[in-house]
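Note sheet for the following structure.
Treat the numbers as computed from the prediction; the structure is a model and nothing was measured. Both backbone and side-chain heavy atoms feed into the values below; hydrogens, waters and symmetry mates do not.
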Amino acid sequence: MPSEPIAYPARVREVAARRVVDFAAELNDAQRAAATHADGPLLIVAGAGTGKTRTLVYRVAHLIERGIRPERILLLTFTRRAAQEMLARSEKLVGSESRAVHGGTFHGTAHRLLRRFGAEAGLPGDFTILDQGDAADLMALSRTACGLGDKTKRFPKKETLHHVYSRHVNTEFPVGAILREEYPRFIEHEEDMARVFADYTARKQGRNLVDYDDLLLYWAMLLETEAARAIGDRIGALYDHILVDEYQDTNVLQARILKGMCRVHRNITVVGDDAQSIYAFRGATIRNILDFPREFPGASVVTLEQNYRSTQPILDASNMLISRAEERFTKELFTRRVGGEKPWLVTAQDEPQQTRFVVDRILELHEEGTPLREMAVLFRAGYMSADLEVELTARNIPFEKWGGLKFLEAAHVKDVLAFLRVLENPRDEVSWYRLLQLMPGIGETTARRAIEAIAAEDWDPDAFARFTPPPRAREAHANLVQVLAALRRSDLEGNGSVARDIARVRTLYDDILRARYDREEPRLADLERLQAIADGHGTRADFLTAISLDPPASSTDLGFGSESEDDTLILSTAHSAKGKEWDAVFLIWAVDGWFPMSRSLGDDEQIDEERRLMYVALTRARDHLAVSFPFNVYETRRGANYSLSQMSRFLDRGVVRTFQQVVLERTEAPSPEEPPTGATPVVDLRALLRNRFQG
Ligand code: ATP
Ligand code: MG
């Protein structure tokens with residue numbers, strides 16, 4: 001007899017419940033006043049770790065509790081990750097409703113709005129986004145088109161051109177002024193540069209490309225142009241409240257956008273810390289904070305002084321460091337947290353010793369109970385962690401890296417994406433150029449001729465197939481035509497997927513990669529990853545937008561594992577560590593010329609920015625902080641010549657006094673292998689052989 005089936009109950013899906021938030025218990029008076037501020041402009045200006053971000057999270061919760069519809073709240077942050085974290089926290093406070101809040105970066109939001117409203121203002125809705133590298137490549141094409149590509153002349157490089165252009169757009173400084181300040185030797189080229197910029201602008205538009213700066217610029221124009229008034233009003237009417245974190249790192253254009261967005265309601269809350277402004281090099285200005293009360297008359301200003309993050313000894317060191325800065329708005333920080341040891345100032349012999357110390361200490365803290373994810377190693381620039389990465393890998397310590405060269409910036413990943421891009425937008429000249437030049441037998445001249453031929457047929461998708469290549473490029477041309485045709489066929493049949501597209505591209509590209517690089521395995525593995533990532537996205541357009549707009553800082557950002565579950569050590573540039581906190585923080589390479597970077601040494605303003613950056617790094621630590629300084633450094637990164645280094649100028653005598661000095665004992669050199677008894681070798685042949693292969 002068949003037995004009764006067991007009825008297996010479905011689990012009730014947990015919906016984060018709405019709870020009444022006890023603002024008084026969870027915030028101090030000043031924080032509560034800010035979080036529950038009624039309508040109108042509000043500026044919170046306060047030092048590191050004083051709960052600015054926390055206050056914004058509670059303010060979102062408060063607004064929802066007050067009955068503001070969540071989808072009418074816009075939360076602008078510096079990274080997509082930051083917005084997600086903040087919304088996850090406010091969800092814990094007021095439940096899943098807060099998921100409807102619009103959170104993201106300025107660029108991400110601009111993109112969303114332009115896709116929706118751009119067409120009405122003459123911007124085709126299917127534009128492709130150029131990332132920074134692509135924008136510089138397009139600038140190179142413009143330079144050549146203007147007859148300035150001759151490498152023998154001292155005309156600015158494509159990156160410099162793009163930098164000056166972007167700075168001009170973001171700061172509104174005239175090009176001449178930027179040149180005088182940053183590149184006096186190029187002043188004579190100002191007019192020619194203007195021609196290149198004009199060509200660049202026309203080229204972008206003709207090819208339906210939009211760069212990062214355009215995103216902000218178009219958004220601002222939609223809000224400000226009288227003729228677009230009706231659209232601007234509709235965009236402004238989308239939100240009742242706008243909140244901005246890290247306001248010190250916004251630029252003039254972003255301030256204009258906020259003003260335009262708040263024309264009707266003036267419900268804007270911004271939080272920032274002038275002592276942590278670290279993006280002036282990209283056009284950010286603390287004037288936005290200082291001028292806020294003037295731009296938004298009647299603004300309330302809240303300041304916070306109590307730090308909840310760090311121990312007092314860590315704050316003493318941070319306060320001392322920042323007290324050397326010229327001008328400051330925010331005050332000295334204090335904490336009620338008692339105890340804690342002085343931060344360590346570690347003098348290491350050289351890089352290997354610094355690495356060994358960091359890894360040993362991390363393992364020690366880990367054994368004492370600190371999870372890896374509560375520790376971070378920070379550095380001034382991405383390449384400074386190379387040795388550490390090797391050691392961590394060798395010792396099987398999982399880590400994740402933020403900042404520095406990102407996965408999607410790797411040449412081979414960009415190569416594969418170029419195929420997808422020309423399919424998506426046949427006018428994407430930069431991607432055509434890139435992919436044509438990958439093909440064996442196709443050089444710069446042939447690539448340019450091919451693109452001219454395609455352009456002459458108004459970028460018809462089949463124009464490339466009709467192009468007649470020179471004999472040595474025939475095979476490459478035929479292969480490329482075949483792959484592109486196959487991809488387009490699957491588009492038409494509607495059975496394609498981005499992952500499958502990539503697989504098809506790889507039937508051609510993998511061999512090119514093998515021929516180009518000596519070490520192909522890690523690169524092929526990257527492509528596997530790219531394929532897996534693509535699998536998680538809908539259409540090709542969605543995928544390309546997602547990755548070019550907010551380039552993921554790490555593979556975790558792309559949806560592999562999650563930060564909270566995996567116990568992974570964080571390696572991060574100081575810039576990318578902004579806003580975060582860890583139980584233990586290691587700052588490596590506190591060497592003059594490395595931090596501050598040598599290129600900033602001649603310029604007082606840049607030195608100040610570097611000091612603020614170090615302040616950001618130190619104030620990330622809750623309980624343990626160690627700053628390390630190897631006194632022997634390589635002269636060049638490749639060479640084997642050591643030279644004596646100076647400790648970072650920011651660690652002057654006063655600052656050093658706030659630290660506990662730590663000297664690492666020299667590890668004994670491993671004892672040479674025992675010679676066989678009775679025979680003392682005159683020469684160690686094996687050592688000779690070993691040495692032969694060591695740089
Ligand atoms: P940063 O300038 O580095 O961005 P911040 O001002 O945004 O710092 P938060 O990150 O919001 O500071 O807060 C720092 C830490 O202090 C967090 O762990 C936060 O939860 C905690 N904190 C802030 N205010 C309080 C409070 N009133 N009670 C308890 N913890 C608090
Ligand atoms: Mg913060």
Side-chain angles (χ1 to χ4, degrees), residues 23 27-63 66 68 73-78 82-83 86 90 101 103 105-106 109 223 236 239-280 283-308 322 325 327-333 578-579 612 615-616 619:
F23 286 90
L27 299 176
N28 67 32
D29 290 348
Q31 291 172 335
R32 190 178 58 246
T36 59
H37 176 76
D39 290 347
L42 169 66
L43 164 69
I44 304 171
V45 52
T50 52
K52 295 183 296 298
T53 301
R54 182 182 171 105
T55 303
L56 271 192
V57 167
Y58 276 77
R59 179 149 178 75
V60 169
H62 168 77
L63 291 172
R66 236 181 68 187
I68 307 288
I73 300 174
L74 176 63
L75 171 66
L76 292 166
T77 55
F78 212 72
M86 289 171 71
S90 72
V101 170
T105 60
F106 273 88
T109 308
L223 294 168
Y239 302 104
D240 295 329
H241 282 268
I242 298 184
L243 301 94
V244 190
D245 199 3
E246 310 273 7
Y247 194 56
Q248 75 280 356
D249 288 322
T250 55
N251 63 32
V252 189
L253 201 50
Q254 286 161 318
R256 269 170 48 195
I257 287 170
L258 291 175
K259 217 171 160 188
M261 290 298 286
C262 297
R263 246 185 346 228
V264 184
H265 52 65
R266 298 198 347 124
N267 292 330
I268 175 163
T269 303
V270 302
V271 314
D273 175 7
D274 57 314
Q276 293 186 70
S277 132
I278 53 177
Y279 280 93
T285 170
I286 57 162
R287 292 249 51 100
N288 281 355
I289 290 194
L290 304 178
D291 296 344
F292 187 84
R294 214 184 53 219
E295 292 291 331
F296 294 93
S300 308
V301 180
V302 172
T303 56
L304 309 168
E305 280 158 47
Q306 181 174 349
N307 174 294
Y308 288 86
I322 199 67
E327 248 184 302
R328 270 184 320 136
F329 198 71
T330 40
K331 307 234 175 68
E332 288 239 318
L333 300 170
K578 191 167 89 154
R612 293 190 297 265
Y615 175 71
V616 167
T619 52

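- The stretch residues 44-58 participates, sequence neighbours left out, in no salt bridge (charged side-chain N to carboxylate O under 4.0 Å, His left out) pair at all.
- A search for salt bridge (charged side-chain N to carboxylate O under 4.0 Å, His left out) contacts involving Arg612 returns Glu609, not counting sequence neighbours.
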Note to self: Using side-chain contact (heavy atoms from CB on, under 4.5 Å), reason through His241 and Ile68 one step at a time and then give a plain yes or no.
What the structure shows: CA-CA 9 Å; His241 282 268; Ile68 307 288; 3.8 Å; yes
Show the numbers, then the answer: is there a side-chain contact (heavy atoms from CB on, under 4.5 Å) between Thr269 and His37?
CA-CA 9 Å; Thr269 303; His37 176 76; 5.5 Å; no
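- Distance CD/Gln31 to OG1/Thr50: 7.5 Å, rounded to 0.5 Å.
- The distance from the CE atom of Met86 to the CG atom of Leu75 is 4.5 Å, given to the nearest 0.5 Å.
- Contacts of Asn288 classified as side-chain hydrogen bond (donor to acceptor under 3.5 Å, both in side chains), with partners at least two apart in sequence or in another chain: Thr250.
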Requested in this report: Start with the C-alpha distance between Glu246 and Tyr279, add both sets of side-chain angles, then the distance that settles side-chain contact (heavy atoms from CB on, under 4.5 Å), and finish with yes or no.
Outcome: CA-CA 11 Å; Glu246 310 273 7; Tyr279 280 93; over 6 Å; no
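- In this structure, Asp39 CG and Asp240 CG are separated by 9.0 Å, a value rounded to the nearest 0.5 Å.
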Q.
Please determine whether side-chain contact (heavy atoms from CB on, under 4.5 Å) holds for the pair Leu223 and Met261, giving the CA-CA distance in whole Å, both sets of side-chain angles, and the decisive distance to 0.1 Å.
A. CA-CA 7 Å; Leu223 294 168; Met261 290 298 286; 3.9 Å; yes
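- Residues satisfying the salt bridge (charged side-chain N to carboxylate O under 4.0 Å, His left out) criterion with Asp249, sequence neighbours excluded, are Lys578.
- Not counting sequence neighbours, the partners of Val244 by the side-chain contact (heavy atoms from CB on, under 4.5 Å) test are Leu76, Phe106, Ile242, Tyr247, Leu258, Val270.
- Residues satisfying the salt bridge (charged side-chain N to carboxylate O under 4.0 Å, His left out) test with Arg32, not counting sequence neighbours, are Asp29.
- The two residues Ala48 and Asn307 make their nearest non-hydrogen contact at O-ND2, 2.8 Å.
- None of Thr55, Leu74, Val60 except one satisfies the side-chain contact (heavy atoms from CB on, under 4.5 Å) rule with Leu243; the exception is Val60.
- Annotation: salt bridge (charged side-chain N to carboxylate O under 4.0 Å, His left out) contacts of Arg263 (sequence neighbours excluded): Asp233.
- Closest approach of Ala299 to Pro293, counting heavy atoms only: CB-CA, 4.2 Å.
- Residue pairs meeting the ring-ring contact (aromatic ring centres under 6.0 Å, His included) criterion with at least one partner in residues 288-307, sequence neighbours excluded, are Phe292-Phe296.
- Across Ala34 and Leu42, no two heavy atoms sit closer than the pair O-CD2, 3.5 Å.
- A search for ring-ring contact (aromatic ring centres under 6.0 Å, His included) contacts involving Phe23 returns Tyr58, His62, not counting sequence neighbours.
- One distance of note links CD1 of Ile286 with OG of Ser277; it measures 6.0 Å at 0.5 Å rounding.
- By the side-chain hydrogen bond (donor to acceptor under 3.5 Å, both in side chains) test, Tyr239 pairs with Arg112, sequence neighbours left out.
- For Pro41 against Pro297, the heavy-atom pair with the smallest separation is CG-O, 4.2 Å.
- Remark: Thr619 OG1 to Asp273 CG distance equals 8.0 Å, nearest 0.5 Å.
- Among residues two or more places apart in sequence or in another chain, the side-chain hydrogen bond (donor to acceptor under 3.5 Å, both in side chains) test is passed with Glu305 by none.
- Note that CG of Asn267 and CD1 of Ile73 are 10.5 Å apart. Values are rounded to the nearest 0.5 Å.
- Taking the side-chain contact (heavy atoms from CB on, under 4.5 Å) definition, one finds that Val616 meets it with Gln276, Ile278, Arg620, sequence neighbours left out.
- Smallest separation of non-hydrogen atoms from Thr77 and Ala82: CB-CB, 4.0 Å.
- Between Thr53 and Val271 the shortest side-chain heavy-atom distance does not fall below 4.5 Å.
- Taking both residues in full, the closest heavy atoms of Gly47 and Leu333 are given as CA-CD2, 3.9 Å, listed atom of the first, atom of the second, then distance.
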